[in-house]
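Notes for the one structure printed next.
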Amino acid sequence: MKIYKAIKDDHDIQRDLIEKISKTSGDSEERNQLWKELKKELEVHAVAEERYFYAPLIDTDEMQEDARHGIAEHHEMDELIKELDQTDMSSPHWKATMDKLGETVLHHLEDEEEEFFEKAKDIYSQKDAETLAKNYEDSMKEYRGSWPEGIPGNE
């Protein structure tokens, strides 16, 4: 497997969770559970993706700007996650902020899948893309198992 497929598989999980949350209301058990799952997926994905997709690209002239843009979007998502955690789930503000997070995430996924992956294919060799995928998947497994304490920055 190559890094692009590994990341896309996780993107599909994120899309599914965002869609499911959009169909919930109030401070329900379902919304709480889905929010916890989405938050976990976004946090572990951002750390692994920054390490095994973006970090190697920062050193390239062709993708430095794109890599920085992708990382900046992760930080924007982090801020929205913090805001959601501090907001009553039954409030209209929670729903509005969740909608904004959903839009931000979907925009980010589209940037990567439709633009960044194609550019990265000109930089990463097939072997590099496979090695990055293995490292990414290993990290995702480790981070999912140790979330939230095991995530860098969450200690």
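Side-chain contact check for Val47 versus Glu43: every heavy-atom pair is 4.5 Å or farther apart. Inter-residue side-chain proximity for Asp99 and Trp94 is flagged as unmet; no heavy-atom pair is nearer than 4.5 Å. Annotation: side chain of Lys95 is not in contact with side chain of Met89 (no heavy-atom distance under 4.5 Å). For the pair Lys39/Asp85, a side-chain contact is recorded, criterion being any heavy-atom separation below 4.5 Å from C-beta on. No side-chain heavy atom of Val105 sits less than 4.5 Å from a side-chain heavy atom of Leu80. Counting heavy atoms from C-beta outward, Gln64 and Leu57 have side chains that stay 4.5 Å or more apart.
Between Tyr124 and Tyr4, the angle of the ring planes lies from 30° to 60°, which puts this pair in the tilted group.
We find that Arg15 and Asp12 are joined by a salt bridge, their nearest charged nitrogen and carboxylate oxygen being less than 4.0 Å apart. The pair Lys134-Glu130 does not count as a salt bridge, with every side-chain nitrogen at least 4.0 angstrom from each carboxylate oxygen. Under the 4.0 Å criterion applied to side-chain N and carboxylate O atoms, Asp10 and Lys5 are not assigned as salt-bridge partners. Residues Lys82 and Asp78 are not paired through a salt bridge, judged by the lack of any N-O separation under 4.0 Å between the basic side chain and the carboxylate.
Under a hydrophobic-cluster definition in which Ile, Leu, Val, Met, Phe, Trp and Tyr are linked whenever side-chain heavy atoms come within less than 4.5 Å, directly or via other members, Trp147 and Leu101 are assigned to different clusters. Residues Ile7 and Ile13 do not share a hydrophobic cluster, clusters being chains of Ile/Leu/Val/Met/Phe/Trp/Tyr side chains in contact below 4.5 Å. Connection of Leu106 to Ile71 is not established within any shared hydrophobic cluster, with ILVMFWY side chains joined at heavy-atom distances below 4.5 Å, either directly or through further cluster members. One hydrophobic cluster, built from ILVMFWY side chains closer than 4.5 Å, cannot hold both Leu42 and Phe53; they sit in different ones.
Closest heavy-atom contact between Glu73 and His69: OE2-NE2, 2.8 Å. Here the closest heavy-atom approach between residue Tyr54 and residue Ala67 is recorded as CD2-CA, 3.4 Å. Closest approach of Ser90 to Asp27, counting heavy atoms only: CB-N, 3.8 Å. When all heavy atoms are compared, the tightest approach of Tyr52 to Ser139 is CE1-OG, 3.1 Å. Scanning all heavy atoms of the two residues, the minimum distance from Leu132 to Pro56 falls at CD2-CG, 4.2 Å.
Within a 6.0 Å sphere centred on NZ of Lys40, heavy atoms belonging to other residues, nucleotides or ligands number more than 12.
Phe117 does not carry Lys8 over the face of its six-membered ring by the limits of under 6.0 Å from the centre and within 45° of the normal.
For Asn32 (side chain) and Ser28 (main-chain N/O), a donor-acceptor pair under 3.5 Å exists by modelled atom type. With hydrogens and angles disregarded, no donor-acceptor distance shorter than 3.5 Å links the side chain of Lys20 to the backbone of Leu34.
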Notebook entry, point to check: Could you go step by step and tell me if Lys121 and Glu118 meet the salt bridge (charged side-chain N to carboxylate O under 4.0 Å, His left out) rule?
Noted result: CA-CA 5 Å; Lys121 288 176 183 176; Glu118 289 306 311; 3.2 Å; yes
Next item on the list: Could you please spell out the steps behind the side chain to side chain donor-acceptor pair (under 3.5 Å) verdict for His108 and Glu76?
Entry: CA-CA 11 Å; His108 177 74; Glu76 183 180 344; over 6 Å; no
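To the nearest 0.5 angstrom, Gln86 atom CD is 12.0 Å from Ile81 atom CD1. Rounding to the nearest 0.5 Å gives a distance of 10.5 Å between CD of Glu114 and CG of Leu109. Here the CD-CE distance, from Glu83 to Met98, works out to 12.5 Å after rounding to the nearest 0.5 Å. One finds the CD atom of Glu41 at 6.5 Å from the CG atom of Leu17 (value rounded to the nearest 0.5 Å). A distance of 11.0 Å separates OH in Tyr143 from CG in Asp138, rounded to the nearest 0.5 Å.
In summary, of the residues considered (Glu79, His75, His74), a side-chain contact (heavy atoms from CB on, under 4.5 Å) with Met77 occurs for His74 alone. Screening Met1, Glu137, Met140 for a side-chain contact (heavy atoms from CB on, under 4.5 Å) involving Asp9 leaves a single residue, Met1. The side chain to side chain donor-acceptor pair (under 3.5 Å) test with Gln33 is passed by exactly one of Glu30, Glu37, Lys36, Glu29: Glu37.
Side-chain contact annotation: Ser91 with Asp88, donor-acceptor N/O pair under 3.5 Å absent.
Listed by first then second residue, pairs satisfying salt bridge (charged side-chain N to carboxylate O under 4.0 Å, His left out) with a partner in residues 49-69 read Asp66-Lys119, not counting sequence neighbours.
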